Structure formats: C-alpha cells, structure tokens
Amino acid sequence: MAQPSAAGELDAVRLENELLEQWKSEQAFDSSIQNRKDGAPFIFLEGPPTANGKPGIHHVVARTYKDLVCRWKTMEGFKVERKGGWDTHGLPVEIEVQKRLDLMSNEAIQQFGMDAFNQACRESVWTYEAAWREMTERMAYWVDLDNPYVTLDNNYVESCWWALKQMFDKGYLYRGHKVLPYCPQTGTSYSSHEVALGYKEVEEPSVYVKFKLTDEDASILAWTTTPWTLPGNVGLAVGPEVTYVRCRVKEAAGESWTGSGGADVGEELILAKDLMKEVLRHHVEIIEEFPGSTLVGRSYEPLFPDAVPRKDSMTAWTVLEADWVTTTDGTGVVHTAVMYGEDDYNLGMDAGLPAHHTVGMDGNFIEGTHPELDGIYVKDCDATIIGLLSAAGGSNGKGPKSGLLYREKEYSHDYPHCWRTDHPLLYYAMDSWFVRMTAVKERLLEFNDEVEWAPDWVGEGRFGEWLRNVKDWAISRERYWGTPLPVWRTEDGKMKCIGSIAELQEEVAKAVAAGIENPECPDDVDLHRPIVDGFTLLSDDGQPMHREPFVMDCWFDSGCASFAQWHHPFDGGEQFDASFPVDYICEGVDQTRGWFYTLLAVSTTVFDSKAYKRCLSLGLILDAEGKKMSKSRGNIVDPWDHFNREGADATRWYMVTAGAPWNPLKFDSNGVRETYAKMFLTLWNVYKFHADYAALDGFDPESSSSDPAQRPELDRWVLSRLNTVATEYHDGFVNWQFHKACRDLEDFIVNDLSNWYVRRSRRRLWDEAESGDKLACQHTLHEVLTTLCRLIAPVSPFMVDIIHRNLTGSAVHQSDWPLGIPGTIEGATADHWDEAAAKATASLPPHDPALEASMNLVRELAEAGRRVRIDNNRRQRLPCSKGFIVAGPDLSAFHDLLAEELNVEFIQVENDLDRFQRIELAPNFRALAPKARANVNDVANAIKSSEDPVGLLAEIDAGTATIMDIAIERSDVEVKRVEREGFAAQTVEVTHGETTSHVSLVLDMNDTPELLSKGMARDITRRVQARRKTLDLALEATIELEVWMENAPAMMAADEEWVATETRTAACVFHPKGASPPAGAERFEVDGTVVHFTVV
RNA sequence: GCGCGGGUGGCUUAGUCGGUUAGAGCACCCGGCUGAUAACCGGGAGGUCGCAGGUUCAAGUCCUGCCUCGCGCACCA
C-alpha cells in the first residue's frame, strides 16, 4: 500500500505544476484546515495588497514568510484560517484611472462625472487580480482567495463607518484647519505616513530677501527655500533672545560674487549676528547690536503689495517674535507666509495676521497676486520671482536701487514629494479631518510593548520612536474613490456621524418627514460617492445637513481589516471575538508607518486594545547590486523567470536562506539556481536512491520492521543527527531564525545525508538478497526522508509532498510536525500550552550524542587520511597495509568503515602515544594574563618555544615550573599532541564536550606485491567502469574485457577475478607481458604502468 | 541635521565573554575520488576585517571621531 515506486528524473517545474492540479482537485488547502478544525486557533491576518499593480518578486518574499508560518502552525496542530484580502480604494487606483482616461485635474473628473469615474475605479481595481491569483497559486501561498475581504464592499465600508462613529463618539474625530502637505496634481493632502514615502533630495534656489523697513533706510534679511511663498509673506519672525546686528555695506562685493542680487555701498542690513559670516558677501561695519525683542513690532514694506489684502489686521507686515526661531539656518529671521507653513500658520493665527491664499488648490497663483505670476504653477515661478525682486527698487518699487534680493544660493535638501506623482508637495492650509492620536499616545506605547516584534528593534526603535512622536492622523482626502467620511454638517457647524446603513436610513427618513427631498436609501445603498453625497439630513435643531465632501485615507480602510473583514459588529460576531487581536501579521518594513501603524491606531481608538500579538517585519528587496527594485530603474525581477526555471521550491528556499528575514535581501538569480542545484537536486537524488531500490525490492515500510536500536552505527548515527538538526531547526523557527534553521538543514542534507550516509550505504542496497542490513538501511532512509519532508514542507511545499506521498501514501501538508503538535493539546492556545504534553507528541528518532561525536571523528580521520596520501604522494587507489590510530576514544565499531575509506588493509590502535606523537605546549592567555600582566607575551613565547616541552610539562605537573618569576600551573597551558615528523601522519583535534583530544592517523607507506596488485586492480576497474558509463551500458549488462599491461606489478589471480566481478565481465582476459594491444584500445598510465584495455 | 542597521578575499556571508593561524560557500587554479548528482574530497592563491585614533599584555569584537551604503525621522524657515 505504501510501497514506493521509482522516482524518475527530476523536472521540478513540471512536478510543481502537476502537483498544483492535484492539490486543486483534492482541495488540499481546505482539508489542511479541516483536519485541524478541533485545534487551537492561530489567527493570521493578511495585509491586503492592491490588485491594480502587477505582483513582483518582493511580494513573493512576503508571501513566503506568511505561508511558511501558517503552514508550520497548521502542522503543529493549530487551526490556521487564512482569509485573503484586497485593498481597493484610494489614490493609486484613482491615478491609474486618471491616466487612462486623461483626467489629470479635479475639474476634469467632475466634468467626466464622479459616478462614471468611480465606476471606472471599481473596475480598474481588478486589473491585475488574475496575475495576482496566478502568482499566489503558483508559489503555493495558501490563502482563501475565493472569499476575500474587499475594502470596497458595502459591508466592509459599513464596518469602517462604524469604527469612525466610535471615534466620533469618544471625541477622537475632529475637523480642523491645518497646514498639510498637499499635492496639487492629485488635489489631495497627505497624512504623515504617506509623506514619509516620498522624501527626495532636491536642489532648489534659496533666496535671501531684503524686507525694507517703512520708517528708515534699512532692510531685514530673511531666507527662504520656497520663493513661491514670498507673495504670501505677511510677517517676519525673530527670536526674542537672539542677538541681531544692523550693519552697513562698506565696499562693493568681490569678483567672485555670481548670481542675482546684491547690495549698494552704504546699504544697511539687519540679521542675526551669528549668521553674518555665513550670509554676507560684503565687507560691512556693525552699527549696532540688539536682542530680537527690540525689532518686534517694526513694520516693513510688503514685497508684493497687492497679493494679500490687509483687511483688519493690525500686525500684517510687522516683525513678530517666536521662540522657535534659531540661528542654525538662514539669517535668524523667518519669513512667514501664513498659509504655507505649520509654524507660520500657528503664529499667524496667534498674532492676527491675514489668512489669505495667494495660491489656488491647483497649485497656481491666484488672480491678483501679481500680473507676471497670476495663473502660473508656483514651482515654475522661481525665476520670475527672483527677477521681480532683483529689479531696481524691487518688486514693490520701494526698495533700494540694488533691488530686494540680496543673494541667491542653490540649496539641496530632502523635500517631501508626492509618492504617486513625484511632484513636490506644497505645505498648504486647508480644512481637514483628524483622529486625535495624541490623546491615546500612552496606550499606543503600552500596546506596542506587548507585541512580539521580529526583529525586536523595529518595535522598540523605529516603531516606538514613531509612536512617541505621534501626530494627529489626518484622515480626510479631497478625493472621490474611497470610503466616504460619514459625517453630515450644518452650515453653522452642527455635526452627525453615521455608523451604519440602518442609521443612515433612519436619518434620511427623518429628513424626508421634515420635508427635505432625498433619493431612495435602500438596504443595499451603495456607500460610495456620489450616492452618499446625495443625502441631505436634518440636524436636531431642524437645519439641513450635508455630507462633508471627503473620503477616508485608504490606510484607514486597511487599518480596519481585523474586524471589517468579518463585517463586525453587524455580522460574524463570534468570528471576530475569537480572532481579535490576531496572532500573526507579516509585511515589509515599509509598512511600519503604514499598515502596522493604522492597525494599531484603529484598534487603540476603537477597542482600546492591540490589534496583533506578533509582527514579522521584512527587509527591503534589492537587486543583485543592492539597489532598490523599482519600475523606473527597470531592475524588477519577474518571479515567473524563476518559477519556470528552478521552480517555486527553490525560489522560496533561496529567499529564506539568503539572510535574516528582516535584513535587506539582495536578490540574486544565480543564488536561486545554486539553491536548486545544491539543495533540491541533492534531496531528489537521495530520494531517488531510496525509492528506486525500494521499488526494485518491493520494500514496504509497513510490512517489515527494523528495530532502530539494532541497526548499524551508520544508521543510528544519521538518525541521531536528524534528531539534533530537527530540534535546532524547530528552535530556529520559534526564534524567527528561519534563515539559520534552513541553512543548517540544507547542510545536513548535503553533507551528512548525501555525502556520507548515502555514499557509505550505496553498496548495502546493491545486495540483491534480502538482509537485515539492507532492511535497516531502507527503514532509515524512509524515516529520515519522511521527517525531512515534514520539516521542509512549510518553506518549500512541492517536492517534499511528492516524496512524502510516494513514501508514505499520504500528503505531507496533512501531516504532523515532527517536533510535536501542541495545537491539538487540551487547553492549548496560540500562546500557551503544556510543554511536556507537546513533547510527548513529537516523532523523532533516538538521540545519541556520543555516537555523533564518534562519527564526527571518523569522518575527520578519513579526511586526514586523504591529506596524508597527498602529502606523501601515494595515490588513493593504492592500498596501504596498515593504518594506525593514535589516542582518542574507542572507534573499533568503525574500523571496517575506516579501513575502506582510508583504503588500508588493517586498522591498528596504537597505545604507545609517543611512538608517533610528540607534545606541544600552548599558553592559555586567559589564565596567564592576570598573573603575568604586561609580561604575558614573553611568558607565552617561552612556553610556546620551549626546547623541551616534555620536561617543562613535567615541571609544571610537579609544581616547580617558573618563567620570569611566575609559577606556571597546569591550567596555564594547553597540551597539544601532534604527529611526529618523518611519519606519514596527520593529527586532528576533537572536542568531546569540555575536553579536547588529539588523534593522529598514521599510514604505513610500504608496498608489497599484494598491495601493488590490488591497487592496479582498482585502477583498472575504475577505468573500465568509466568506459561502461560512456558506452551507456545498462547496470546489469555484462561485458567482455581484455587487458594489456607494460611495466606492471604481477597481478594476483584474486585481483583479476575481482576486476571481472566488479565490472560484470563475462569473459576477462589479462594478456601476458609483451603482447601488444590492438589499435583503438583504451590506454591509461598510473605510477609508471601503462595499461591498455578493450571493452566489448 | 538626528536616530537605527550595515561596511570582513572577486561575490555572498559566519565570527559567542576581547585570547594570538578571521571560518565557510560561490567563482578560480592544482590534485584526488566516483556506476555518485548540476556531485564529492584534499590542497592552493586571494583579507591593511571602511578609515584614523584610543583602552588593553591582547581588538574584526570595546570606546571616540570620521568616511560610506541602506532605512527611518523632520520645526529645515
């Protein structure tokens, strides 16, 4: 029944594609959850991607880690449901549609019709859904894409409304007028976490401008990097404590002065004393010094007299004081344009400056600002403004002959840009809605402390720092496609927040009853613009209320995912209660200010709870050169390149082993190939070795048995190694060290399993007769392979399922984790379970550390033997009569194995250590240093270079050894035994727990006729085998062999026979000396012997 | 500018409490081994451990400053 069939050649891509079909028809994903329906729940929450962009390799990375943990936990017995999700609202969608329909302004959209526009958005959302689905399925990310949560669904939106109403009722939601980063191209303001996405270094003209005082012939100098804000200037701010100077220009500027601006001799300028050197390009004399406070109240000439109406402001175009003014930049005087800077705005409101826009929402100067500027995009006006200022008398005609520009300087700094359109953002005063995050800061920090972050420094450092500086969340957008802000407002500011469709219907009915006309509001009313804009509600005092014309920041939508995915609180109450807060989320580190934050922000303000318990924050994906992958760079790696070449297994394994999950991953296509060749090919060949012989022999693991305790050392060794490696692997998973876990497991497969166990076991399976030894080997391979399959399954799910199915008849993804299934234990939760009970469910082979240590030594000795031969020029195939093992633990159980590996006739244990070894003493610095202090090096040298180490050691043991007045004790030195010169020997150092010992291997280099004959037989055999292979003969095919030799050792009959048997020769002829070989015979030469042979 | 994380042979990387020969893989060269795979084994070449100071008997490791890359922050006027 579970009898394996032969493996066949590996075609990873075909294998994976066929398996995908099988999984689909078996509903493997679904049953993997159903199998655990009684298990403790482990709650995963999928961060919703946007389906209107193509999935790239970085999505594969994130999905690998999501999938890995979910599969692992499932195997551990937990019930891990995985609802897919799609983020469907917001700017990315709108921009895509705007581009396609050529609607690059808000007017254009409104002309086109909001209704039609939103319909286009709704469709555009799914542009790449098929591509996402294909990628997701192909990489075997198991997630329920058939019942995903979708942020545009009415139910989802209704839950978001509900959440907003909770905030509203708690007083966290408020309407404000603030200066916000604003993008005129998209016509929307941004929240700080969106701004953070778009900082770019730019070089811009900065200008030093003269503000001519009205009552005397002097100008105050101020600096700005945004010349376009100058028409809006209505004030200057100085630090009251800062020392300013008034100085007079003594002589014209030097030749080196370039660029616009300047000053005449005799002109008087005012600026901070500290910044004179930095700013001034003229020789000046200081006329007076004074604190900023004496400047306060002075008035100056507006730069652009018609740009801002004074209205009733008493303080416009005067000097104000502000304590945040410093002398680190500029002139120590801050140009204040009320509407275009946060500080400016606050200062302006306090001081009563006129709040008047000189720039429209489209980013162009408003009519009436200045004839040369009106209607032009502000960022295109730098040169014009500089020109106007520089004219004689300046832009207002009241300045000095030299104009109002003192100096121009290119200035490079990081400036926020729109993360969608790449345009510079303008700080712009506007109406907006906020969530009062500052009110819950302490709670945010407390909840964050409870989250298990991987790596911890993202939580403590990066995210913690963000929370400690938390700002109120600007959640409204002047856009069309999104969750509408459910707040209705009267003209005089009375407000209602609607938290459900039912409530909306109720309010609409009320309004209709009061005679306000309204469209129908059915149960399935579409909760989008413009439908919701059409409803007019009634305030408690009988006034009409209109909806605030905003949509929500789309990050708010995804921040509601933990409950909105269940339509909480309207539906799915139990499901929500049982799954909040979630156990695990995993996204790129770029989500720190994105989803990681909004999830916590929403859960804190709505539920006063954290939203997730564990968060794996992944590093950025870079290209092979270490550059960020981006469409514009054209260095995006298409996952299909690898899915179709090395397969998803290798791609996933590569990603996990390439580095720690939180480190930036340099994605190297070669690395995927290497992983395929090393890890998966090796695994397949080990499996093939087992399966092919198992099929041949009709091996059935269930109908035969082999007591592990009775198996040969080699078997018990590999099983113990498996135990050790599996345990460490599991610990790695627990500690998020997936990379280390997988690297070690790969090393086990390649080194221990393939290169030692299988290599050493090959002949055991060639035996055609049934034997206990063969059975032991088959059972061992069976156990090792099935356990490996289960360990690898969460990371790379394909090949191991094929192997597991063929070996056991069951799917690996329905099987149990070899280290136990805590999820099935009575009373277990995702966080706690009975450790002892969990251990009892583990299924690992016996652990035998002593055996592992011995085998380790054996392997070292085998390697030492090869070194000895190379050092002594003795070819590997020529046997030695004796090999001596000097010192070390008892290895008699491995003598046969060693003899074969070393190609010696006989292993002898040498008890007289001094026959082949001598002693070396090495200083133990750690012990010596405290005693010898500064002399430690001299003492150490004396010990190292001792002429008579044996004598010295004897003195030390007798307690009479003294070097440089320091008594040397046994613990001050390490005794090393090394091979004596003149022998064909090598010494290896082995550590057995605390103690290290030195074991030497000595080979007897003397030849005998028997040895020479044997060696020659092996050489001939090896050449004939190679010939068989090139002739592509079947394994069981027999041949006819003829051999001619010159200058050869005499061949023993037994050796000639051995050649015949090994090479499956029916008729073997060794021609006598002197016979000449036919032309075309194979020829080779070894140690002076020339051999010809023919194979027929 | 401030904060975090890096910088180790051509490439990728390990390096614990500071301990004296800085370890591995890929690639390269030489040799060996193989009815064993795209393999394996041995050896070799290749390193100013970003730079400069400092602490120490001893620094890749600790301290200070600087350079550089990445990420994050922002009241930058």
Side-chain angles (χ1 to χ4, degrees), chain A residues 10 192 195-196 199 206 222-226 229 237 322 324-326 328-337 340-344 346 411 413-416 427 455 457-458 460-463 465-466 469 589-590 592-593 619-620 622 624 626-628 658-659 662-664 666 668 670-671 673-674 676-678 681-682 684-686 688-689 740 743 747 750-751 754-756 758-759 762 766 862-871 873 875-877 901 903 922-930 932-940 944 1021-1022 1024-1026 1028-1029 1033 1035 1062-1064:
Chain A
L10 177 61
S192 45
V195 174
Y199 272 90
S206 71
W223 179 65
T224 180
T225 55
T226 50
T229 60
W324 40 263
V325 175
T326 63
T328 51
D329 289 295
T331 64
V333 180
V334 177
H335 139 65
T336 300
Y340 312 111
E342 191 174 338
D343 280 337
D344 306 46
N346 295 336
Y411 180 73
H413 61 148
D414 286 334
Y415 193 83
Y427 284 91
W457 52 262
V458 167
E460 283 157 25
R462 182 165 297 198
F463 197 50
E465 192 193 331
W466 167 260
N469 297 315
V589 69
D590 50 325
T592 311
R593 270 78 186 189
L620 234 65
L622 312 171
K627 298 248 163 59
K628 195 170 171 172
W662 42 84
N663 280 343
K666 282 194 195 175
D668 180 7
N670 260 330
R673 191 170 178 73
E674 228 169 80
Y676 171 74
K678 233 183 154 143
L681 227 104
T682 306
W684 183 262
N685 282 311
V686 170
K688 185 167 149 51
F689 172 70
K740 283 189 183 162
R743 282 173 184 175
D747 188 66
V750 172
N751 259 322
S754 174
N755 289 338
W756 191 251
V758 170
R759 181 163 74 80
R762 242 162 233 285
W766 292 352
E863 283 171 22
R866 281 178 221 126
R867 274 196 300 272
V868 171
R869 282 172 179 273
I870 283 159
D871 290 349
N873 248 329
R875 66 184 209 273
Q876 212 70 235
R877 277 183 290 263
E901 280 293 317
N903 195 15
N924 177 2
F925 282 88
R926 211 168 289 200
L928 278 174
R933 306 274 188 108
N935 293 328
V936 70
N937 279 328
D938 295 332
V939 176
K944 245 190 286 191
T1021 304
R1022 142 91 185 111
V1024 174
Q1025 302 288 40
R1028 282 185 65 114
K1029 205 171 181 180
L1033 296 182
L1035 274 176
E1062 280 292 302
T1063 58
R1064 286 185 163 263

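Just so we're on the same page: letters track the sequence lines, and every chain starts at 1. Here the structure is a predicted model, which means the values were calculated and not measured.
- Counting non-hydrogen atoms under 4.0 angstrom, A:T226 reaches nothing in the nucleic acid.
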Quiz prompt | Dot-bracket pairing map - RNA chain B, Watson-Crick plus G-U, both contacts under 3.5 Å, | cross-strand | solution = (((((((..((((.....[...)))).(((((.......))))).....(((((..]....))))))))))))....

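- A:Q1025 comes within 4.0 angstrom of a nucleotide base, judged by non-hydrogen atoms across all strands.
- In this entry the distance linking CG of A:D344 with P of B:A77 reads 10 Å, nearest Å.
- A:N685 comes within contact range of at least one nucleobase, with a heavy-atom separation under 4.0 Å.
- Between A:H335 and A:T229, the closest side-chain pair of non-hydrogen atoms falls below 4.5 Å.
- Distances from the side chain of A:D343 to the nucleotides B:C33, B:U37, B:C75 place B:C75 closest.
- Across the protein-nucleic acid pair, A:R673 atom CZ and B:A38 atom P stand 11 Å apart, rounded to whole Å.
- Remark: P of B:U37 and NZ of A:K688 are 10 Å apart, rounded to the nearest angstrom.
- If you check every strand for non-hydrogen atoms under 4.0 Å, A:F689 touches nothing.
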Identify each atom pair where a protein N or O and an N or O of nucleotides 54-61 of chain B are less than 3.5 Å apart, giving names and distance.
{"residue": "B:C57", "atom": "O2'", "partner": "A:N937", "partner atom": "ND2", "Å": "2.8"}

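- A straight line from CH2 of A:W662 to P of B:G6 spans 12 Å, rounded to a whole angstrom.
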Practice problem: Between protein and nucleotides 40-46 of chain B, map the contacts as a letter string: B base, S sugar-phosphate only, - none, heavy atoms under 4.0 Å, written 5' to 3'. | Solution: SSSS---

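- Side chains of A:N751 and A:W756 form no contact here, defined as non-hydrogen atoms less than 4.5 Å apart.
- Residue contacts shown for A:R1022 include a base, since a base heavy atom lies under 4.0 Å away.
- Of the candidates B:C33, B:C26, B:U37, the closest approach to any side-chain atom of A:E674 belongs to B:C26.
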